[in-house]
Each structure stands twice: as C-alpha cells, then as structure tokens.
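Below is one structure, written out as structure tokens; the observations come after it.
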Amino acid sequence: MFATSPVQQILFEQRRIFVKRDDLLHPDFSGNKARKFYHFLSKDYSHITHLVGSGSAQANSLYSMSVLAKQRGWRFDYYVSHLNDFIIQHPMGNYAAAIANGANIIDVSQLQQAFQYQQMHLDDVVKKIIEANYSRHCSLLHIPEGGRCEYAESGLAMLATEVIDWAQLNNLTELKVFLPSGTGTTAAYLNKQLKLQLANNNITRLNLEVITCSTVGGDEYLIQQFSELVDKEYYPTVVNDGHKYHFGKLTKRCFDMWKSVCVSGIEFELLYDPVGFLVLKDYLAKHSQWQGDIVYLHQGGVLGNQTMLPRYQRKFAK
Ligand SMILES: *Cc1c(COP(=O)(O)O)cnc(C)c1O
C-alpha cells in the first residue's frame with residue numbers, strides 16, 4: 001500500500017543529517033497521519049459507512065482523513081469549533097483539498113443546539129452529536145482529534161522496521177531519530193516499536209534513541225501524553241531549547257529557521273518543523289562531541305504551507 005519512504009542527506013549546522021522523507025510516502029497520503037491511519041486502510045472495515053472526525057479546519061489530519069474516507073467510500077463528517085468567513089470564501093490548503101475529497105465540514109457554532117456546546121470541549125460536543133444523530137448507525141467510525149488512538153501503532157511499527165532496515169543496510173551503529181511532537185503519538189509508538197523490534201531480532205550493534213520536543217503545551221504535557229499511550233520504559237527522550245513554543249504562533253525565529261532548512265531543496269512544513277529544527281540546533285550545540293548519526297523524520301504536512309506561508313509573508317514582509 002505504501003512504498004518505503006526514501007532517506008536523503010542534508011547539511012544542517014555544518015553537519016550531515018539524514019531526513020526520512022515520510023512526506024513522500026504516498027501521493028495522496030502525507031507523513032505521520034498516513035502512518036497513523038494505515039490501520040484503517042489495511043484492515044477490513046467494510047462494515048463502516050461513515051467516518052466522523054473533529055479538530056481545526058486547517059489540520060493535516062482533516063486532509064488525511066478525507067483521503068481515507070474517499071479511498072474507502074465512506075461519508076465523512078468533520079466538526080470544527082468555528083469556521084471563519086475568509087476560509088469559506090477563499091478555501092486553501094488542507095481545507096480545500098478535504099472539501100475536494102468530499103468532506104462535509106460542519107461548524108458546530110452554527111448548529112441549532114450551539115448554545116448547549118458553548119462551554120464544552122470539541123471532543124465532548126462531538127460525542128454528544130454522535131449520540132444524538134448517529135445512534136442508529138453501528139457502521140460509524142470516530143477518529144478522535146489528531147488521530148491519537150491505539151490504532152496508530154501498526155503503521156508506526158512499519159516505520160520502525162524501515163528505520164532499522166535502513167540503519168543496518170548503512171552499517172550505522174549510533175543513531176538518534178529526531179522528530180517534533182504534537183500529541184506525542186508518533187514519537188511514543190515509534191520508540192516503542194523500535195525498542196521491541198531491536199530486542200525481538202536480537203540486534204545489538206545498533207544503538208537507537210528517539211528524541212522529540214514539544215510544540216504544544218510544554219514538556220510536562222508531552223510526557224503526560226506518553227503516559228496515556230505506552231509504558232514508561234518506552235517514553236522517548238524529551239528535549240527543549242529553553243524557549244516556550246505556542247502552537248501555530250508565527251515568530252520570526254521559526255520563519256527564519258524554516259527558510260534556512262528549505263534551502264536544502266526539501267520543503268518542510270511550517271507548524272512543527274521550525275520548532276523541531278530550532279530545538280535540534282540547540283541539541284547539536286550541546287552535544288558537539290557526539291559522533292553518531294541523526295535522522296530527522298519529515299512528517300509531511302506541506303499542504304498546510306499554502307495557508308501558513310501567506311500568513312508568515314504578511315506578518316514578516318521585508
Ligand atoms: C500531526 C503532525 C505532527 C504531530 O504528530 P503527533 O503524533 O501528534 O506528535 C508533527 N508533524 C506534522 C507535519 C504533523 O502533521
């Protein structure tokens with residue numbers, strides 16, 4: 001279903017690092033959302049007719065769910081807290097692509113019952129809506145926001161296998177896998193699967209460490225997310241550069257970092273990758289003696305640049 005994603009080299013901070021191009025995994029399915037939703041493509045879900053999701057109108061997961069629904073022939077309803085007029089009149093990026101795939105995007109603030117939902121978390125609103133409106137369908141699949149669910153593990157097991165195979169083929173012995181986290185689902189399951197697979201295959205020549213950083217809510221929140229997914233022995237290493245990052249906030253530091261890594265010829269995305277590279281830069285400076293290799297996981301999401309880049313350009317024009 002997915003081909004093995006390629007690994008390329010770039011120069012970052014005068015140092016060779018590898019980039020695992022999960023953004024090239026599949027023409028329609030991008031990055032870690034494709035890994036997370038792999039389960040729903042590979043298993044028999046023929047009893048399902050409806051997919052329900054929720055989150056932001058520009059989320060990478062909205063687009064990936066729309067591809068999943070289209071491929072499987074499911075109706076797809078996606079709930080958002082609010083849709084602004086600009087996006088309705090100028091659809092772009094993940095939102096436009098999802099609509100083109102047939103997504104039915106529903107603004108809960110416009111529903112008749114909206115007054116009941118005002119103080120509620122979107123996840124709880126969606127639960128209520130499902131109970132009220134979809135109760136007769138046992139053929140409903142609900143994927144929670146950001147795709148944080150145990151289903152994500154099987155696709156990330158495949159990613160772990162690809163990383164181990166590639167490292168062995170290239171005789172690497174000291175490897176750190178670096179990726180920026182949102183919910184931490186990708187980092188936690190990837191680390192768990194790497195550890196399990198190394199142990200199960202008696203691979204002792206390869207030292208692997210998964211290193212991640214928070215882009216939302218800080219280190220403690222991220223570690224708390226891990227605790228809901230995996231045992232403590234599988235928590236990835238969390239690092240930071242002393243800055244507190246607010247998700248989706250446009251800063252000059254982030255924009256400059258994004259521009260400088262894109263000079264490599266690889267387009268990175270603008271929400272997670274700038275933070276990832278800023279923290280990686282700091283990490284490399286603090287570990288300048290370390291001799292091993294780094295592989296940075298490109299987790300896709302570049303479709304979102306269609307909306308993020310104009311926002312950055314407006315904010316930091318010349
Ligand atoms: C969703 C996403 C992430 C965060 O993944 P988590 O598993 O929630 O940590 C990182 N990068 C990109 C490009 C994403 O789309």
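Order of appearance sets the numbers: ligands from 1, and atoms from 1 within every ligand. What you see is a predicted model; the values in this text were computed from it and never measured.
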Worksheet item: For ligand 1, which atoms have a heavy atom of Thr185 less than 4.0 angstrom away?
Response: 7 (O), 9 (O)

Practice prompt. For Thr183, counting its heavy atoms only, list the atoms of ligand 1 lying under 4.0 Å from any of them.
Written response: 6 (P), 7 (O), 8 (O), 9 (O)

Worksheet item: Charged N to carboxylate O below 4.0 Å: is that the case for Lys128 and Asp124?
Response: no

Discussion item. How close do Ser30 and Gly300 get, counting heavy atoms only, and between which atoms?
Written reply: OG-CA, 3.2 Å

Worksheet item: So is there a nitrogen or oxygen of Gly184 less than 3.5 Å from a nitrogen or oxygen in ligand 1?
Response: yes

Fill in: Heavy atom of Lys36, distance to ligand 1 below 4.0 Å
yes

Discussion item. For the residue pair Glu228 / Gln224, report whether a side-chain donor-acceptor contact shorter than 3.5 Å exists.
Written reply: yes

Worksheet item: Could an N or O of ligand 1 be found under 3.5 Å from any N or O of Asn32, whether backbone or side chain?
Response: yes

Discussion item. Suppose I only count heavy atoms of Gln299 and a 4.0 Å limit; which atoms of ligand 1 are within that range?
Written reply: 10 (C), 11 (N), 12 (C), 13 (C)

Discussion item. Rounded to the nearest 0.5 Å, what separates atom OH in Tyr95 from atom CD in Gln306?
Written reply: 14.5 Å

Fill in: Heteroatom distance test (Gly300, ligand 1): nitrogen or oxygen, under 3.5 angstrom
no

Response to the item:
Near Lys33 (heavy-atom distance under 4.0 Å), the atoms of ligand 1 are 1 (C), 2 (C), 3 (C), 14 (C), 15 (O)

Worksheet item: Can the ring centres of Tyr151 and Tyr38 be said to be less than 6.0 Å apart?
Response: no

Response to the item:
Within the 4.0 Å heavy-atom cut-off, what Glu269 brings close to ligand 1 is side chain

Worksheet item: Just heavy atoms, cut-off under 4.0 Å: does Asn60 contact ligand 1 by side chain, backbone, both, or neither?
Response: side chain

Fill in: N-O pairing of Asp241 and Arg253 below 4.0 Å
yes

Worksheet entry | Numbered atoms of ligand 1 (with element) below 4.0 Å of Thr186, judged on heavy atoms | 5 (O), 6 (P), 7 (O)

Worksheet item: Taking NZ, NE, NH1 and NH2 as the nitrogens, is one of them in Lys192 or Asp231 under 4.0 Å from a carboxylate oxygen of the other?
Response: no

